[in-house]
Amino acid sequence: MKLRTLVLGLAVVAGTAFSSFVAQADSQLDASIKNSSNWAAQAGDYSNHRYSPLKQINESNVAKMQVAWTMSTGVLRGHEGSPLVIGDTMYIHSPFPNKVIAINLKDQTFIWQYEPKQDTQVVSVMCCDTVNRGLAFGDGKIFLQQADTKLVALDAKTGDVKWTAQNGNPKAGETNTNAPHVFGDKVVTGISGGEFGVRGRLIAYDIKTGKEVWKAFSTGPDNEMLLDPDKTMTWVDGKMVPVGADSSLKTWKGDQWKSGGGTTWGWYAWDPKLNLVYYGTGNPGTWNPTQRPGDNKWSMSIFARDLNTGKAKWVYQMTPHDEWDYDGVNEMILADLPMGGKTVPAIVHLDRNGFGYTLNRETGQLLVADKYDPAVNWADRVDVKSGLPIRNAAYSTQAAGPDHNVKGICPAALGSKDQQPAAFDPNTKLFLVPTNHVCMDYEPFEVEYVSGQPYVGATLSMYPGPNEKGAMGNFIAWDAAKGKIAWSKPEKFSVWSGALATAGGIAFYGTLEGYLKAVRISDGKELWKFKTPSGIIGNVFTYQYQGKQFVGVYSGIGGWAGIGMAAGLEKSNEGLGAVGGYRELAKYTALGGTLFVFAIPS
């Protein structure tokens, strides 16, 4: 086998076995979330609903919406996440160097600014693009997870640093792109670097002091993963069973688990009643599956952990022995759904592998697993009883082996959706989902692990999926109780922005060309659109100030889909294949870094 190098684009009531008491929500954050005038968390709540009860802007008047004001971040890279709004202050953030600005909503003047001093070399180990997915609020503090793995607590009123915690080591390829999450009296964060052989973990810090409370790895020995062989459960053959001893170690060759990936750069959720934190883990290292035999547990998995102790109550692996980089980090949405004549406490996860999963969030029981893009072909279906995907050998990179190019795999490595979060409308029980309709050719090759160096081992090319007249994305409504698409609205490029649903009966999302759009939730009819100067990969948010509702979003192309433009890359297989797949974007948009805020004129 030939050794080659790859140039990366820059880039519940819990039982006593798990918890001795139920954590209390942070009083400031909890009050702010309950006040619908605020947007106090990245998803608006603990459950990742991305829903607002505000309805001043609605189906009947959204067509009148206009720009109210704009604000430049001063950075021209991909802008993911969204600002926070607490009272009369908005907190905005930027990609690297991860600036934070507090803005007075009365006159849009700066209250304070914070710009960390980070080693610029961290950019060289960031994949993909220098994005940051936003801030968190709680205990009178604003929390920033810097690219260089430093978690910073800032005084929300002054911007002064209250405490810091070092989360990883960039020299070993460890970085951060995720937003931190405030759950109870803890700040929860993860780690990026799956393309550098980083060993994934979730870390909880004390909100007042920054002291580490617990750390749970995705792979390795039971004690380091905070798994109890007898009490941590998983779905097997139609029932929940204990994971057993060494459930991860048994699925790796030798000590490959030490560079086994399973990073945690997505969106987490918390059920305060069950006191469980939910999140997903990313791809195993390397991307060449023949080098790492076994199921590679617990990469590509959903974890439910006790917030107080970090101990895992249950875990479910979606893509055992991943062959395509289908990270399992996408958002976990907690919703109570009508199923089988009763209301089920569900967790809904639309995975990169193209399947939409619905599980009982209390027990971990798998209830639904169906394709949310019909083009998905790597697996024919998921057998709900076993929980295992029924794979199509024609698209197996494992079966083909190294140095063989497997063509026509759907979805591409960036998935039927990536981290761009969906919204949940509690009125219709529909999930509004930004999706990708992209396929790929995938050629694995042998690669050696060297700390701090790319550990990928595959060359990719990407292109539009079939039967959509060249469309590379759809905005869909997903019925998670039935595993069915209610409606689908095609888009020329992938829909890479986070969605927002409101009580006004409308959903908002952005496009890579730069449009912010409003559609009717009931049927997907487009009601309004506005072209911003740069592509939108940020998450739409809403708030109310002085009795008026506003809707906002970042305009700033980048991310994996826009890495070619953001980093000035030109070769088709750079950016892990995205440069060629999205080359045409340059005809429609340019680099940017501006917050747009909209309202209906008085």
Parallel, tilted or perpendicular: ring planes of F550 versus Y543, cut at 30 and 60 degrees:
parallel
Side chains of T511 and E491 only: does a donor on one sit below 3.5 Å from an acceptor on the other?
no
Taking G535's backbone N and O only, do any of them form a donor-acceptor pair with T589's side chain (distance below 3.5 Å, no angle check)?
yes
Within 6.0 Å of NZ in K150, more than 12 heavy atoms from elsewhere:
no
Backbone N/O of V433 and side chain of Y509: donor-acceptor pair under 3.5 Å:
no
Between CZ of R133 and NE2 of H93, what distance do you get to the nearest 0.5 Å?
9.5 Å
Does a donor on one side chain and an acceptor on the other come within less than 3.5 Å for N178 and S192?
no
For atom NZ of K548, decide whether the heavy atoms of other residues, nucleotides or ligands shown that lie under 6.0 angstrom number more than 12.
yes
If only atom types and distance count, is the side chain of R77 paired as donor or acceptor with the main-chain N or O of S94 below 3.5 Å?
no
Salt bridge or not for D148 and K117, using N-O below 4.0 Å?
no
Go through the side-chain N and O atoms of S494 and N436 and say whether any donor and acceptor fall under 3.5 Å apart.
yes
Looking only at heavy atoms, which two atoms of A153 and K141 are closest? And how far apart?
CB-CD, 3.8 Å
Does Q118 reach the main-chain N or O of P97 with its side chain, forming a donor-acceptor pair under 3.5 Å?
yes
When the ring planes of W496 and Y582 are compared, do they come out parallel, tilted or perpendicular, using 30° and 60° as the limits?
perpendicular
Examine distances only and state if a side-chain atom of D26 and a backbone atom of D139 form a donor-acceptor pair shorter than 3.5 Å.
yes
Under 3.5 Å, is there a donor on one side chain and an acceptor on the other for N48 and E331?
no
Check each of F137, Y91, W163, Y114 against F143 using the ring-ring contact (aromatic ring centres under 6.0 Å, His included) test, and report the only one that passes.
W163
Ring centres under 6.0 angstrom apart (Y268, F183):
no
Would you say the side chains of Y205 and N167 form a donor-acceptor pair under 3.5 Å?
yes
Give the ring-plane orientation class for F424 versus F431, where under 30° counts as parallel, over 60° as perpendicular and anything between as tilted.
tilted
Can you see whether T109 engages D107 through a side-chain donor-acceptor pair at a distance of less than 3.5 angstrom?
yes
Decide, yes or no, whether a salt bridge links D418 with R352 under the criterion of side-chain N to carboxylate O below 4.0 Å.
yes
Criterion side chain to side chain contact (heavy atoms under 4.5 Å, CB included) on Q146 and N176, from CA distance to verdict
CA-CA 6 Å; Q146 296 178 183; N176 274 107; over 6 Å; no
Audit row: K208, D185, side chain to side chain contact (heavy atoms under 4.5 Å, CB included) steps and yes/no
CA-CA 8 Å; K208 294 189 179 297; D185 59 357; over 6 Å; no
I'd like to know if the side chain of S555 pairs up with that of T532 as donor and acceptor (distance under 3.5 Å, no hydrogens or angles considered).
yes
Can you confirm whether K489 is buried at NZ, in the sense that more than 12 heavy atoms of other residues, nucleotides or ligands lie under 6.0 Å from that atom?
yes
Show your working on side chain to side chain contact (heavy atoms under 4.5 Å, CB included) between Y357 and V348 and close with a plain yes or no.
CA-CA 6 Å; Y357 295 85; V348 174; over 6 Å; no
Can you label the angle between the W267 ring and the H181 ring as parallel, tilted or perpendicular, going by 30° and 60°?
perpendicular
Do D271 and Y278 have side-chain atoms, one donor and one acceptor, less than 3.5 Å apart?
no
Value for CG (L54) from OG (S37), rounded to nearest 0.5 Å, stands at 6.5 Å
Got a donor-acceptor contact below 3.5 angstrom from the Q42 side chain to the S82 backbone?
yes
Is a side-chain N or O of Q549 found less than 3.5 angstrom from the main chain of I57, in a donor-acceptor match?
yes
Looking at T502 and G504, would you say the former's side chain and the latter's main chain have a donor-acceptor pair under 3.5 Å?
yes
Do you know the tightest heavy-atom contact between A590 and I557?
O-CG2, 3.6 Å
Considering non-hydrogen atoms only, spot the tightest contact between A566 and G558 and give its length.
CB-CA, 3.9 Å
Kindly say whether L595 contributes a backbone atom to a donor-acceptor pair with the side chain of T70 at under 3.5 angstrom?
no
In short, C410 meets A375 closest at the heavy-atom pair CB-O, 3.2 Å
Output, in order, the C-alpha distance, side-chain angles, deciding distance and verdict of side chain to side chain contact (heavy atoms under 4.5 Å, CB included) for D373 and T435.
CA-CA 8 Å; D373 182 348; T435 73; 5.8 Å; no
Side-chain donor or acceptor of R520 paired with backbone N/O of K525 under 3.5 Å:
no
